[in-house]
Every structure is written in C-alpha cells, then in structure tokens.
Amino acid sequence: MTVLEQTPGRDDSGARPTPTAAWRPRTDPAALLPDETPFRLLGTSARLDKERKELWRELYRRLVHGRRYNQQATALTKQGRLAVYPSSTGQEACEVAAALALSEQDWLFPSYRDTLAAVARGLDPVQALTLLRGDWHTGYDPRETRVAPLSTPLATQLPHAVGLAHAARLRGDDVVALAMVGDGGTSEGDFHEALNFAAVWKAPVVFLVQNNGFAISVPLAKQTAAPSIAHKAVGYGMPGRLVDGNDAPAVHQVLAEAVERARSGGGPTLVEALTYRVEAHTNADDATRYRSDDEVAPWREHDPVRVLERELRQRRLLTDAEAEEAAADAERMAARLRDRMNAEPLLDPRDLFAHVYAEPTTQLREQDAMLRAELAAEDEPGEPGAAGHDHQHDQQHEREHQHEHQHQDQERAA
Amino acid sequence: MTVLEQTPGRDDSGARPTPTAAWRPRTDPAALLPDETPFRLLGTSARLDKERKELWRELYRRLVHGRRYNQQATALTKQGRLAVYPSSTGQEACEVAAALALSEQDWLFPSYRDTLAAVARGLDPVQALTLLRGDWHTGYDPRETRVAPLSTPLATQLPHAVGLAHAARLRGDDVVALAMVGDGGTSEGDFHEALNFAAVWKAPVVFLVQNNGFAISVPLAKQTAAPSIAHKAVGYGMPGRLVDGNDAPAVHQVLAEAVERARSGGGPTLVEALTYRVEAHTNADDATRYRSDDEVAPWREHDPVRVLERELRQRRLLTDAEAEEAAADAERMAARLRDRMNAEPLLDPRDLFAHVYAEPTTQLREQDAMLRAELAAEDEPGEPGAAGHDHQHDQQHEREHQHEHQHQDQERAA
Amino acid sequence: MTTATSAASAGARREGPGRTERPRRPAGPAPTTMAQAINRALRDAMAEDDTVHVLGEDVGALGGVFRVTDGLTAEFGEDRCTDTPLAEAGILGTATGMAMYGLRPVVEMQFDAFAYPAFEQLVSHVARMRNRTRGALPMPLTIRIPYGGGIGGVEHHSDSSEAYYMATPGLHVVTPATVADAYGMLRRAIASDDPVVFLEPKRLYWSKETLDLSEPPRTEPFGRAAVRRAGTSATLITYGPSLPVCLEAAEAAREEGWELEVLDLRTLVPFDDETVCAAVRRTGRAVVVHEATGFAGPGAEIAARITERCFHHLQAPVLRVTGFDIPYPPPMLEKHHLPGVDRILDAVARLQWESQYTEGGTP
Amino acid sequence: MTTATSAASAGARREGPGRTERPRRPAGPAPTTMAQAINRALRDAMAEDDTVHVLGEDVGALGGVFRVTDGLTAEFGEDRCTDTPLAEAGILGTATGMAMYGLRPVVEMQFDAFAYPAFEQLVSHVARMRNRTRGALPMPLTIRIPYGGGIGGVEHHSDSSEAYYMATPGLHVVTPATVADAYGMLRRAIASDDPVVFLEPKRLYWSKETLDLSEPPRTEPFGRAAVRRAGTSATLITYGPSLPVCLEAAEAAREEGWELEVLDLRTLVPFDDETVCAAVRRTGRAVVVHEATGFAGPGAEIAARITERCFHHLQAPVLRVTGFDIPYPPPMLEKHHLPGVDRILDAVARLQWESQYTEGGTP
Ligand SMILES: Cc1ncc(C[n+]2csc(CCOP(=O)(O)OP(=O)(O)O)c2C)c(N)n1
Ligand SMILES: Cc1ncc(C[n+]2csc(CCOP(=O)(O)OP(=O)(O)O)c2C)c(N)n1
Ligand SMILES: [Mg+2]
Ligand SMILES: [Mg+2]
C-alpha cells in the first residue's frame, strides 16, 4: 500500500513531479471484486478427499440438527415458551458453516437470528434461547463461550467484532472474529464504520452477510442498488466474496479461507451468502402481506438440507441408515429442548439491580430495598391492604395478557 | 436492474431453475468503477471551442478571486474579526467548479470549509462568513440562495442533500443537489447512508469529496484502505469518478457531467477530487505537528491558480492586462470585505429566543422576559446593586478573553 | 425522467391542484383502537395535504410492525408512504432534507431504541434548523416513536426515551394517552411548523374508545394538560402509558379514603405550568408517575418546576413513582419494574398526611 | 504477520510481563493546567497498566485539538494511542469490542456534539453490557468528552450534554472542576470496571493549580461531593465549568451580607445524596447552577431529590440558574446565555428571605 504523501510521481508529460500523479489506486481493485457468479460446490464435479468427505457428512448431520432446532424453537413460540423466534429455516447452511469455520479460541458475533450458529458452536440451546424466552438478556457467558451477546440493534455488533479482533491481535493472541449480519443491516452506518476500521487496522475479522432477500418486509431491491453486497468490499479495500448460501460446503470453504486469511495477518474479508428467509421474519410476522408463495417455492426446492442430502446420496456418501440416525439424533435434541423449556425458569427480581454496576450505587441500593419490602409484603397474606393491591395488580396483568393474545401479529422482537 | 425475486434462473447443469442462479450482479460493476488515473484536462492536448475557452478564462478569474478571498478571511482571523477560518487555499478549483457546475435552481450543500463555493455561487461573503464570525449560525436564507447552512457535524449534510433532491424530484421540479464533504467525512456512517439512499431512490444528487489528504492531522492512509474514495461508489451501485482536484477545468467537466446525469434522471454520482490542504486545518491548528514542509512543497507547485494560469498563457488565452485586472478585481473584493467585517455586527440578545420555535413556548417567553429585565437593569446605571454586579460581570468576561488569547492553539471550530 | 422509480413517482404525484379523493369514513361513532386512530390521522393528513409523506422501515406493504401505516402505500403510492433502506440516521437525515424543501415528512422509528442511531441528526439538525437559520428553514417534521414497555418485548424494544427529547431545545415532545388524543394530537403534530417527537405508548395501541371520526375530534394547541379525573386529596401527574394505571390507582384509593385527581400532561414540551400548578395548589400534594427511569427522568423536571412555583401550597414534597434506574428488564421481570397501582398508592400514603392535621388542612 | 501495520503493533507491544518504563516526573509542586493534569493522568495510567489504550480523532501526532493527549503516541506507540478513522460510532463500537476482550480503552470524543453519532453504541451497548451479561462482560471504558461553552466556539462546539448521560442507567457521569480532581478522577475512571463518561469542562482546560504530581493526589470513590467554600446562608450546588462562577458569586454575595456555601458535585452519577442533603439541611436554602439548559436538565434531578429528602428543612424552593432552554447560541451572544454572577445573586435574592423572619430563622 503506497500512500500519497510519500511518492510524488510524474505527470503525463513526464517532465516534472506533480502530486496528483501520486494518487494512483493504492491497492489493486480487481483483486477485491467478487466473482460474477456465487461460488458453489454442490452440483459441480469437485473432487473430495477423505477429509472433505467427512466434512460434508458432518455438515449434513448438523444441518439436519439445525433444521430440527428451528422447527422446535418455532413450536415453542406457539406454546408460549418463547417470547419470539426469528427462525433461520432455509439459512442453516450459513449458520452451521459459520460455526464450523471457527476454531475454539475464535469469537462469534451473532445477531438475533443466529442462535443456531451459537448452538452449532456448542452452546447449550436453552442458554442460547434465553433472550428470546424473555428471562434474561443473555443466557451464557460470552467470554467462556466466545459467543458475543445476540445483537438486536442492527449492525451494532460489527464494530464490537472489529475491536475485539484488533485487541486480540495487539495482545499477540491468535483470535479471529466472525461477525454475522443481514442484508438489511448493511444499510446501517455501523456496517460502514466497522468495515472501514477493520480494513484500516487490518483486523482479523470476517464479515458474513446473510442476504436472505428481506429485511422484515423490505426486499433487497429497496435496500441497495449495488451490483451485489459483496461489491461493497472494494470501497474499504478488502476482498468481497459471493457464495451460494444454501450450499453448505461452499459457504464453509469460503468462510474457512477468509478465517485463514484473517488469522495469517491478511486482514478482513466481506462474504455475502445468497440465501432466503423461508419463514416469516419471526413468528409474530405475517409474510403474506409482502410476498407470494410463488416466490418462496423455488427456494423450498433449493433447500440447504435437501441439496446437500441429494448430492451426498448421489456421491454415495450417505446411507439410509445414516440419514435416519441423523434424524433420530435431531429428534432427541428437540425432545430434550422441549422438556427443558417447559420448566419454568427460576427468576429472581433482585437480579434487576445486581449487575447494573460493578458496585450498586446508593440509589440502586435504596431501590433494591424498596422492591424487597414490596415482595416481602406480597408474601405476607395477612398484611392489611396488600390483598387489595395484589388484586389490582393481577387484574392489570390479566389485561396485559389479553392484549398480547389478541394481537399476536404485533412485532415483539428483533 | 433485475431483482432476485422475479427471475429464478438456471443452475450450472441447466437442468432446473434454482434461485441462486438469479443472483447475478444487478448492475454492471465495470461501468461504476473509476478510471485508474484521475481525469485531467490541463497539460493535455484537449481542443477548446469558444465556449470552453471562455469557461476556462472565467474559471481563472474566479480562482484568483477565490484565492484572495481565502487570504483575506485568514487575515481577518488574525485581527480577531473571525472566530475561526478553515481555509480552502489550494482547493479553490473544487470550490469554484462546484459553484459553476450548478444552475440557478440547484442546491449546494457545503461544509464549514466551503464558504468559497457559496461565495462563488453569488452569496454575499459577509453573509457566508457569519457562522465563522460568530454572530449567528447561518448568515443567509438557504431557500433564497439555495445554499444549505454550512455543516459542522461531518457528513450530516449528505442525507439532507439526498432528501431535498428526492423531494424536488417527487414534486416534478428540476433541481439537482451538490453535496460537499471531505475525505475524513467519508468515514462517517452518514456518508454511507446518504449514498445508499441516493442510489436506491435514484435521487438527483452529486457527491463531491474533496480529498485534501487530511482530516485535521490524520492522513488518508489512516482514514481508509480503499484503492480510492471513488471506488466506494460501486458498493452503492452508482458511478465513481476520480479527478485531479487542482485542475479546475477537469473538476468542472466531471461535475457538470454528473449534474447533467442527475438532472436527466440518471441518478447520483460520487466524485473524488484529489487535492491538498495547503494551509493548516484552521488558523487555530498547528500543521507542523503532523507534516513536514517537504510534503507540502510539491503541492504549492501544483497550485490550482498557477497551473491554470500557466496553461492559459501557453494557449495564449490570458494577457498580462487581463491577469492584472483579475488581481485588481480580487483586491477590491478583499478591501470591501475587510471594511465590512471591521464594522461591529449588530446583535440583539433577544434573538436567542426568537427562532427556537415557530411560536415561543410559555417557558421561553418567561426566559425572554427575564433577560429583558436584566438588560434593562444594566442600562440603568442608577439602579442600586446593578453596578456591583456589572463589575463582576466585566471581570468575568475579561478573564475569559485572556484564556482565549493565551491559548490560541486551541481548536475552536470545525 | 424515464426510470422505473420516477415513473412510479409520477403516477402517485398530484396531477394538479385540488385534493386527493378522500377515503370513505365510517359514519358515526365506532370502537377504535389507538393504532387505528393514528392510522386514520395519517390517512386524513395525507389526503388533505399532498406535502405529507410517510417514511420508515416496513411502513409500506407490511403497514408497519404495529400496522399503524396499514393501507397508506396502497392508497397514496410508494412515493407518499415509502419503505426506506434500513438506516435511521438516513431516514431522519433525508426527511430533514425533504422538510428543507417544504414537504411535511412523518417519520416512523420502528421502536424507541432504534431511534438512537438518528440522535445526531435529531439533536444537531432537526431541533436547531429553524433557529440556526433565523426561521428561514422551519422543520415541519413529525417523528413517530412507539415507546415504553409492558408488551413483553425483548431487549431494546421497551425503552422510555422521552427524557432525551425533553432535554433537547427546539423539539416538541408529545404523547397521547387516549385514542381521541392519538388522532387529534397527531394531526396537530403534522400540521405544526416545528419538529414534533410523537411518542406512541406501545401498550396502549390496542386500547379502544368509541369515536366518531367523521367528526374528527378538535384538539387544543400543544401545551394543554387535561384533568382526566377530579379529586381533592392529591394530584397524580402522568402521561402516555401510565394514565390507565393512575386512573386505576385513583379508583383503588377510594378504598383508603383518598380522592385523587389525575392529570394527563399530553405534551411534555411545551409544558402546561398553568394547569399543573392550579391542580397542585388545589390539592397541595402531588405524585408524578411514569415508566421512564427516575434519575434525571421526566419526573425530575415536573417535580422541580412544581416546587419552584407552588412551594407554599405543598403539604409534602412532590413524589415520583417511576421505573427503577436500570436498563429495561427482560419480559419476565418487567412487572417488577413498571410503576403499578401498589407503588402509586404507597407513594400517596407517604404524602405526610399527619402533618395536614397538625399544620392545618388542605386548602 | 508481515504487514506494515502489524509490524508497528509488534514494536509497540509489550515484550513480556513487567511495566513500561515510567515517564520522569517533575519532583515537587508545579503549576499545572487542567489539560496537563489530564494528560498526566493518561500517561500514568498507560504506564502502569498496558491494557489502557487511548483512541480518538487526532489524538496521535497532533495530541488532540486541546493537546490533552500530547506525547502519548510518541511515548507508547501508535497501538496504545491511536488516530482512528473519523467515525464516532466506530470509535466507541470498536472500543466496546476491545473492552469485551479485557482492555481498558479511553476514548476521546473531539467535542460534546460530536459524541452524538455514538449515542446508540453508548446507550444500547456500553451502558448495558455488564447488565445484559449478568456481569460476564464488564465495560472498563472511559469516554472523555470536552464539554460546555464559554470558549467562543461556533455551532456544535459548546453543548452541555450531561443530561443525556445522566438519564442512561449503567453509566457513571463525572466532571472535574479543579485541576487536582481532573487528575484524580480520571485515574479513577480508567481504573473503574464500569463505563465512565468523563466530562471535561473546556473552558477550564487552562485553569491552573499548583500540584505535586510526584505524589499523585488520592481521590475518594465516585459519589462524593466536595464543599468548596463554607457558608451558612444558602448552598450553591454546582459542578464543572460553573464552579469558579459560583465561587465568585459567593465572594460577591458577602457585600450583600450572605455567606454562601459552595458545593462541587464532582460526580453526577452516582449522586452524593448524603453530602448534598447535609448541606441543604444546614442552610435551608439552595440554588443549583449549571450551564446546561434548564428544562429537563441536570438541575431538575438535583432540585427534585433535595426536595424529596429535605422538604421540611427548606425555607424556600430549590432554585435553578441554568442556560436558557435554547440551542447553544453563537459566540457573540453566549455571555447572555451562560449563568453568571448576576443571575446567581438574583436567584439567591429570591430565596424568600423575608419568610425566614416571619416563619423562624435558618437552623
Ligand atoms: C437499529 C435497528 N433498527 C431497526 C430494527 C428493527 N428490525 C429488526 S430486524 C429488522 C430487519 C433486519 O433485516 P436483515 O438485516 O436483512 O436481517 P434478517 O432479519 O433478514 O436476518 C428490523 C428493521 C433493529 N433491530 N435495529
Ligand atoms: C461528527 C464530527 N466529528 C468530528 C468533528 C471535528 N472535526 C472537524 S473537521 C474534522 C476533520 C475533517 O476532515 P475532512 O472530512 O477530510 O475535511 P477537511 O477538514 O479536510 O476539509 C474533524 C475531525 C466534526 N466536525 N464532526
Ligand atoms: Mg435479511
Ligand atoms: Mg480532508
């Protein structure tokens, strides 16, 4: 990377140095541009060595697992066991490949839609779903799991990933951060700032955009006029890669290459995975308002689980027995998850005050004491007046619940 | 622009439609990429018709005028007549060309550094300098002059330009907006969001980035790793143009083409003009802290006024007498400006309350009354107690003034 | 202009002077939710004035995540009700430019916390544009923000952010608590030449009133509080989502022998000192109730200015019942955070009723 | 890693355990400006703890526009004191990520109004990270913001934005008014495991005190106000840039026969109820003074909580002397906006001194 201030060049005539001649492109843009067609492995004649074969089979088992996880989580919303669930059905290839592309010490920065990636990384699903269940904001220890809190404010997790990766590099640690964001999220200023910082700092980060065609109801064509989202990379001086997001081996390979590039000091990469949000935005959304079934149909065909299964069978890498075992395994996971989510979570109202500051302020201590007194009074049925108040309290809650049930089409999350 | 949801394509095998094949680049990226070398006209063998000749001569006169304006404004800071001045010395070609590229009905969106562009558009310099003089925030009527208020918060004026241009187009009016921003400003989220909205809406806007090598002390290499700033355009699906920002005819041509493109419904363009900030960031800045004279020297050579003058003389389009007349004219402007800026501006403290809302609130009326009472008391020397307070008041002001003078290296603006 | 986009614009654009055909209204009174009333206010404003434009995320085909903009794109076209790219600073920034050109944009921020990316545009431009140009560039801009909790939303979907806007000179900050006000105040906001932050209490979206919108309710100018319940013992001062809670508390208080007056501020900026002070002077005791966190929250200003102006009429300090000074809690704990009837009654009980008897009764 | 950037990092990176060589300090007391004291606090913190990183616009070679970071890059290298790209959300967002990894970033926002682009990161992440992760991700982050007016700055360079931060649970909000506090409180802020908004009063940057920084001043924990002047007639409560004005007013007040106590809050969050209430109970009268606009400003909370806690000790309502409720005015008019000695004395005069005699003197 040459910089203008060091190399005054020569002008057209060759006669005398002028500064503008120094302003040549500082990196070769051609190397940064994505290929015209998304990278694919399925349906190609790619040769597989033993390791690759095992990887594809592993991807398959995890996709089956992931699909079942999505179904179970959606079912839990219907039973009122999750406040809301933004499903990644149809996007499992991206979720699973993202998790597998990372090493133990690397960090994942998921959005609200990416609990599956966290689970595929090894997180307890109940912990991963804590936010969406509504019992606490983050259900796991990010440092222990190297999974950042699920980010709801769009694209805000991207600068965090850059900062963390940069910090690790400054400390001499071998850590790559992989940050996930949607097509809609790329319109936010934080996307721009994060990519720019990453490129200037050569931070070991990989940005994975799951372009699933929609930001809630807004189709990509209203989101950007760019040739592709991957083309945004050149504006930051980093390579952009385009991949078929429903082709799990392809996504895995592109991400693994980008992670390796980051790990070896090559800097950040922007990966755009082309996929599709087969379900509504969340269980609370009504997708029929903005798209037709006709549009969804071909994507149900180009389903990440199906296309991988078909190919594995064609290549004789999957037996019926193995497929059944994968399904059975997923079923066991789902049953366990259902059971555990049916148990009422243990909640302590005093947690409200416990973690606002390292040490609660005087003000919070007073408020904590007030709440404790209230709770104690509620527990004492004999307390005069309390019953009356409790009654009011209950009425109020009942009314609120009615609201929620009457208006399930309201958007309650993410 | 084809969009994914309408055209499911064919996959590699050609056998059956798959959605991913539909995700081809939606616009041709090649057409959006800037040329490798900045566009130039000076020093080339470009043929000039009569109109062009007149334009170049006009540009010259305005550059001379602009340079003198910059010098005078800087001088006024030394005399304490301006609170601060961010000079555009060395960048006059961009300032003047921006103004000339616009038609009467078009809008200019300047930053704090672009008072010259406003003046070149015909604004009264005293009005243009009002903000920097410190007597009010905006010294002119933006609707009358079609010059938006000078923007201090970086890049925030860009979405305004997009919104205004979009609004005009929706109303069927023939209005183009030209928005100016610095290289540093391109790192802000607002830059990203503005360009994206502009491209999606095909708004009639031209973005002119004056890449003058620095954001205060921070050189471009710490600002972005992009091949050039113009390369950012492709990520929004708009063309990027690179131009020698010290070549006034070249800047004018590139901007005029972009304005024409916007006017005829072709959408926005991003223009990067390569120039150099020859002076310190403002009079309050000390550039020796972060760059050497050696670095500045070649840019003093490649000065926009000089290079145009040299070429005009070579082409025999400028006589000594004409050059002298241009200088004399500029001198008259400077003298007039100096005289007018030496007059104390008329200030009415009650203006503090006059324009906060269309109708002042009760609260503001009360505060206005309080200030009026205070001012009345100050005017009555006989009022007991007032003298004592006034004394304190004066002392306090004196102390503050001392602070300011002692610490002229402080950064007081922009 | 031959592009697809501009062709669409041309289609939706007004052909000449005159009014867009008015949507048919149900004649006579009908039960209406607050969400419907806001939707109707938008429709009526758009029909009457073709400079009114609605912008936001998902406001088009979807009709907004709360369905508040339902049908507007179908009726007025994409140029009048526009699904924007997903970027709040961009939305407010472009709307600012539209207002500079003379349009009346109505911007929807999808949720309270998602208005924060637009904070710089709001504070540094929208709130100051008129002032910095000495009135040359008014900002007839309405920023609709669904706010507050109580709907079981996850993180970042339940903030009460009104304190930020109140502390920003140049903005009007208003919030309806009734269905009729939702209609009337939004019409006023859109008609205002000043920027209005229009805060919509999420949990009242489905509250119903019987309204006759064929005779749209007239509303007073901003800056008029409303007495929602008469009472003599003490005054509850509230707004938006806490009004129903206060009314309920007032009912419950009768059991304890208190007749509580309930005041709905309706507009936080400008503030109705007159009505508020008159009430407090009548009762001599006041409790401010809101969901927002207490410290440096809206109630601080309300309590401070009441005390400044009514000091000698106060039998007790103005008390505050508010959310705790914590980030908004997860859904399963929000009931402990939100001010409820119990906490209001507890506060009323702490209004030093004994001193009333020793120092000489309420005025 | 073979790139230029990473080579530079490697050079500046700590080679092994142990401490970076300590900068030589002048032995003994020396006149020091507030800007110098802050600079020294940064240097000392960086020398003692290699996880302290400074980030911001122009903090490197230039040493910041106020020269507060002067020499840090030269001494600690570009990786410890870094000129970032020009994007405040990016600065605070990446600093958040650095803090997630265990570093202690100190972020400089160049001016008050230029912190607004980072508002979402601040409110939605920095302030809540510890809470949302039940303590697993503390945010040992310091955000330095030069604030306030009185320096003749143009638009957007003189905001007093503390009310926004005070209304955001999870942040500490502190502001020094003396040179010694500038040093000591910044050291504490950097050492804190919580995010601290450290507000530096621009117009006090060049105020001088004689300090012995070879014996760094010890400071108490956050949440301790300081009595800067004893007095019995009434209490002026202030902080940051208004402290010198209040001290001057207190001097002037002697002519009128008033002995004013002056309290410097030092930390706005947490708030020192104890010291403040003790003072107000002593004098029975209080005036809150600050530059920020009054409506929903910091003084609202201060007045409200004093009244809640000291109602029966108050001889008069707590009054506020603040900036007007307007966008910060242009330099030539700022003197009319800023609270000065006159306005403070006028407020003191309005503290109902007559009633003292009729209702029974100060305690
Ligand atoms: C800053 C911000 N603005 C708005 C929202 C509300 N919102 C939640 S999800 C969503 C759409 C996101 O679309 P995309 O980025 O494509 O991700 P996807 O949901 O498709 O995975 C919106 C607008 C939000 N969460 N954060
Ligand atoms: C949002 C914001 N952040 C920071 C600043 C302070 N500031 C003023 S000018 C400047 C540098 C701008 O550089 P550039 O965009 O290249 O424009 P130039 O001054 O070179 O014309 C900075 C950091 C500001 N005005 N606005
Ligand atoms: Mg999407
Ligand atoms: Mg620059």
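Reminder, nothing fancy here: chain letters follow the sequence lines and each chain counts from 1.
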Under 4.5 Å heavy-atom distance to chain A, tell me which part of [X] shows up: side chain, backbone, both or neither.
{"X": "D:M129", "result": "side chain"}
{"X": "D:T51", "result": "both"}
{"X": "D:H172", "result": "both"}

In terms of heavy-atom proximity below 4.5 Å to chain D, should [X] be classed as side chain, backbone, both, or neither?
{"X": "A:L352", "value": "backbone"}
{"X": "A:E188", "value": "neither"}
{"X": "A:A161", "value": "neither"}
{"X": "A:L150", "value": "backbone"}

For D:M100 and A:W107, which heavy atoms make the closest approach, and how far apart are they?
-> CE-CZ3, 4.3 Å
Between A:R143 and D:L137, which heavy-atom pair has the shortest distance, and what is it?
->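 Smallest interatomic distance, heavy atoms only, reads CG-CD2, 3.6 Å.
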Could you tell me which residues in residues 85-99 of chain D have at least one non-hydrogen atom under 4.5 Å from a non-hydrogen atom of chain A, sorted by residue number?
->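 When heavy atoms of chain A are the reference, residues 85-99 of chain D contributes D:P85, D:A87, D:E88, D:A89, D:G90, D:I91, D:G93, D:T94, D:T96, D:G97, D:M98, D:A99 within the under-4.5 Å range.
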Flag, side chain of A:Y357 to backbone of D:L171, donor-acceptor distance under 3.5 Å | yes
Count the heavy-atom pairs under 4.5 Å between each of A:A194, A:A148, A:P149, A:G139 and chain D, then report the option with the highest count.
-> A:P149
Leading residue by heavy atom contact count with chain D [cutoff under 4.5 Å; candidates A:A168, A:A198, A:P153] |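 The residue among A:A168, A:A198, A:P153 with the greatest pair count is A:A168.
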First locate atom OG1 of D:T84, then atom CD of A:E193, and finally report the distance between them rounded to the nearest 0.5 Å.
->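 Atom-to-atom, D:T84:OG1 and A:E193:CD are 10.0 Å apart.
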Roughly how far apart are A:T362 OG1 and D:E274 CD, rounded to 0.5 Å?
->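 Answer for the OG1-CD pair, A:T362 versus D:E274, is 8.0 Å.
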If you count the non-hydrogen atoms of other residues, nucleotides and ligands that lie under 6.0 Å from CD in A:E366, is the total more than 12?
-> yes
Residues which pass side-chain contact (heavy atoms from CB on, under 4.5 Å) with A:D368, listed by chain and number, not counting sequence neighbours = A:R350, A:F353, A:R372
Could I get the full list of side-chain contact (heavy atoms from CB on, under 4.5 Å) partners for D:A115, not counting sequence neighbours?
->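 With neighbours one apart ignored, the set is D:M109, D:I145, D:Y165.
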Provide the full list of side chain to side chain donor-acceptor pair (under 3.5 Å) pairs with a residue in residues 113-142 of chain D, sequence neighbours left out, each pair given once.
-> A:T156-D:H125, A:H160-D:Q121, A:D190-D:Q121, A:D351-D:R134, C:E155-D:R132, C:D159-D:R128, D:Y116-D:D159, D:H125-D:R132, D:R130-D:D194
Look at A:R171 together with D:D50 and state whether they make a salt bridge at an N to O cut-off of under 4.0 Å.
->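 Judged by the 4.0 Å cut-off on N to carboxylate O distance, A:R171 and D:D50 do form a salt bridge.
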